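Residues: numbered from 1 along the sequence shown. Note that the structure is predicted; figures quoted are calculated from it, not measured.
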Amino acid sequence: MSELTDLTADALSRGIAARAFSCRELMVATLARIESVNPRHNAIVSLRDPDDCLRDADACDAALDRGERRGFLHGIPQAIKDAMSVAGVRSTLGSPLVDFVPSRDDLVAERMKASGAIVIGRTNCPEFGLGSHTFNEIFGTTLNPWDRSRSAGGSSGGAAVALATRMLAVADGSDFMGSLRNPAGWNNVYGMRPSQGRVPNWPVVDAWVAQLSTCGPMARTVLDLAHLLDVQAGYDPRVPLSLDGGGGFADAVTRATPDNARVRIGWLADLDGYLAMEAGVLATCEATLRRFENAGATVESVAQPFDAARVWDAWLVWRRWLVAGRIAPFLADPSNRARIKPEALWEVDQAAGLTGGDTMRASVARTAFHHRMLGLLGRFDLLALPTAQAWPFDANLRWPREIAGRAMDTYHRWMETTIYATFAGLPCIAVPAGFGAEGLPMGLQLIGRPRADADLLRIAAALEPAIAGFLALRPPEPA
């Protein structure tokens with residue numbers, strides 16, 4: 001039954017509900033696929049005992065025998081990103097300082113399990129989820145399936161690779177700077193950063209300030225993306241800034257028509273040369289924008305619409321402030337400093353001198369930027385940017401030091417293109433944009449209007465046939 005792993009999550013969910021195949025058959029096929037593929041790519045870590053996974057699958061089949069189906073994910077194997085807690089499954093955040101077995105689920109994992117998902121393990125992520133390159137000292141590096149000498153991106157790199165290689169049908173991820181979008185683009189799959197507050201997380205130490213990071217869905221089709229968002233989204237009273245209105249995203253996608261592709265897209269490109277871009281990135285994205293035009297969209301190039309340098313400076317303050325807050329507790333013991341990667345320490349050290357005035361000025365700049373984005377989204381239905389400024393780089397590097405002859409002055413400057421949706425709190429889908437001269441994938445960010453997640457998914461579904469040719473492509477199989 002290995003062909004089961006080729007099916008979409010929607011097809012698996014419907015097949016299980018119709019008893020076309022059993023949850024056990026799907027689990028057997030999934031475990032066989034992981035055994036065959038994962039050693040080459042290192043995407044899934046902390047894999048549970050196969051016998052325990054099969055017992056859980058049998059329990060899902062027994063529930064169906066009783067007429068009980070828990071939800072869309074009933075009986076579907078899932079590996080949860082190693083950045084959130086899952087009861088009884090090893091959790092590390094990619095750091096030896098966090099290695100433990102949780103006694104409870106984080107909210108997103110809880111919702112996925114409540115929908116019937118069977119957790120089989122974790123997907124790999126970089127240490128503390130920092131840096132869009134998935135490597136850590138515990139599990140090693142996750143490799144890009146299109147070229148195993150290259151980075152898979154991150155921090156949801158393990159999830160993206162597991163999708164691309166058919167080890168998972170859908171996957172959860174999280175996104176602070178671009179961690180759902182960059183790996184999606186580099187693996188020829190979809191990743192969605194929902195609107196700020198759409199997918200709440202709990203437990204958290206701070207429920208008011210730390211709003212840059214969000215969990216979200218990854219998938220190989222827009223419909224599957226929407227189904228998983230239906231599972232993840234929804235208000236929770238413990239998360240005061242979470243949004244009402246969870247659900248209905250898959251319905252929005254199934255109602256998509258060719259007319260939904262008749263949208264106005266503002267192409268921000270490299271912001272008039274402000275963003276350093278490797279050769280071929282813009283051309284690849286523009287070729288896909290032309291496909292969208294053929295499907296009915298109108299694409300217009302937009303001159304740099306905001307002070308990008310001011311936005312970056314404000315972003316750095318917010319990021320340093322929030323990341324330092326996450327890392328600082330580990331530094332209560334000074335000896336831990338030697339066990340934390342230098343990029344994380346850099347964030348903490350850069351934040352040491354921040355004042356209340358600094359953070360307020362950064363918040364004012366962010367507010368002005370948000371208003372500017374709202375103005376743009378009054379002219380356009382979507383704004384478009386590449387998912388990264390470089391092609392997947394050498395997996396042995398920590399991060400690219402130079403792009404197109406320009407030095408990168410921080411470990412994340414090369415993915416500055418992802419901050420705009422994050423900083424404005426806007427929904428954004430990374431859609432596959434095709435392949436460059438070396439056969440490596442690139443993605444295109446489509447940024448939607450505030451809280452218009454359903455509209456964004458509906459548009460992405462209407463545009464999906466325009467990119468069907470390279471959506472159907474698969475990474476090389478193991479020899």
Colleague: Does CZ in Arg451 sit with more than 12 non-hydrogen atoms of other residues, nucleotides or ligands closer than 6.0 Å?
Modeller: no

Colleague: Any ring pair (Phe, Tyr, Trp, His ring centres under 6.0 Å) pairs touching residues 189-229, not counting sequence neighbours?
Modeller: Phe72-His227

Colleague: Are the aromatic ring centres of Phe393 and His133 under 6.0 angstrom apart?
Modeller: yes

Colleague: Taking ring pair (Phe, Tyr, Trp, His ring centres under 6.0 Å) as the definition, give me every residue that meets it alongside Trp399, ordered by chain and number, with sequence neighbours left out.
Modeller: none

Colleague: Kindly list each side-chain donor-acceptor pair under 3.5 angstrom involving residues 425-434, sequence neighbours excluded, with atom names and distances?
Modeller:
none

Colleague: Once rounded to the nearest 0.5 Å, what's the spacing between atom CG of Asn182 and atom CD of Gln389?
Modeller: 10.0 Å

Colleague: Looking only at side-chain N and O atoms, does Thr422 offer a donor or acceptor that is under 3.5 Å from a partner on Arg181?
Modeller: yes

Colleague: Assess whether atom CD of Glu438 is packed by more than 12 heavy atoms of other residues, nucleotides or ligands within 6.0 Å.
Modeller: no

Colleague: How about Glu402: does its CD atom have over 12 heavy atoms from other parts shown lying under 6.0 Å from it?
Modeller: yes

Colleague: Could you give all pairs that pass the salt bridge (charged side-chain N to carboxylate O under 4.0 Å, His left out) test and reach residues 195-207, with sequence neighbours left out?
Modeller: Arg198-Asp453

Colleague: My understanding is that only residues two or more places apart in sequence, or in another chain, count here; which of them pass side-chain hydrogen bond (donor to acceptor under 3.5 Å, both in side chains) with Asp270?
Modeller: none

Colleague: Check ring pair (Phe, Tyr, Trp, His ring centres under 6.0 Å) between Phe139 and all other residues, then give those that pass, not counting sequence neighbours.
Modeller: none

Colleague: Within 45° of the ring axis of Trp318 and under 6.0 Å from its six-membered ring centre, is that where the NZ or CZ of Arg366 lies?
Modeller: yes

Colleague: Atom CG of Asp313 and atom CG of Asp358: how far apart are they, to the nearest 0.5 Å?
Modeller: 11.5 Å

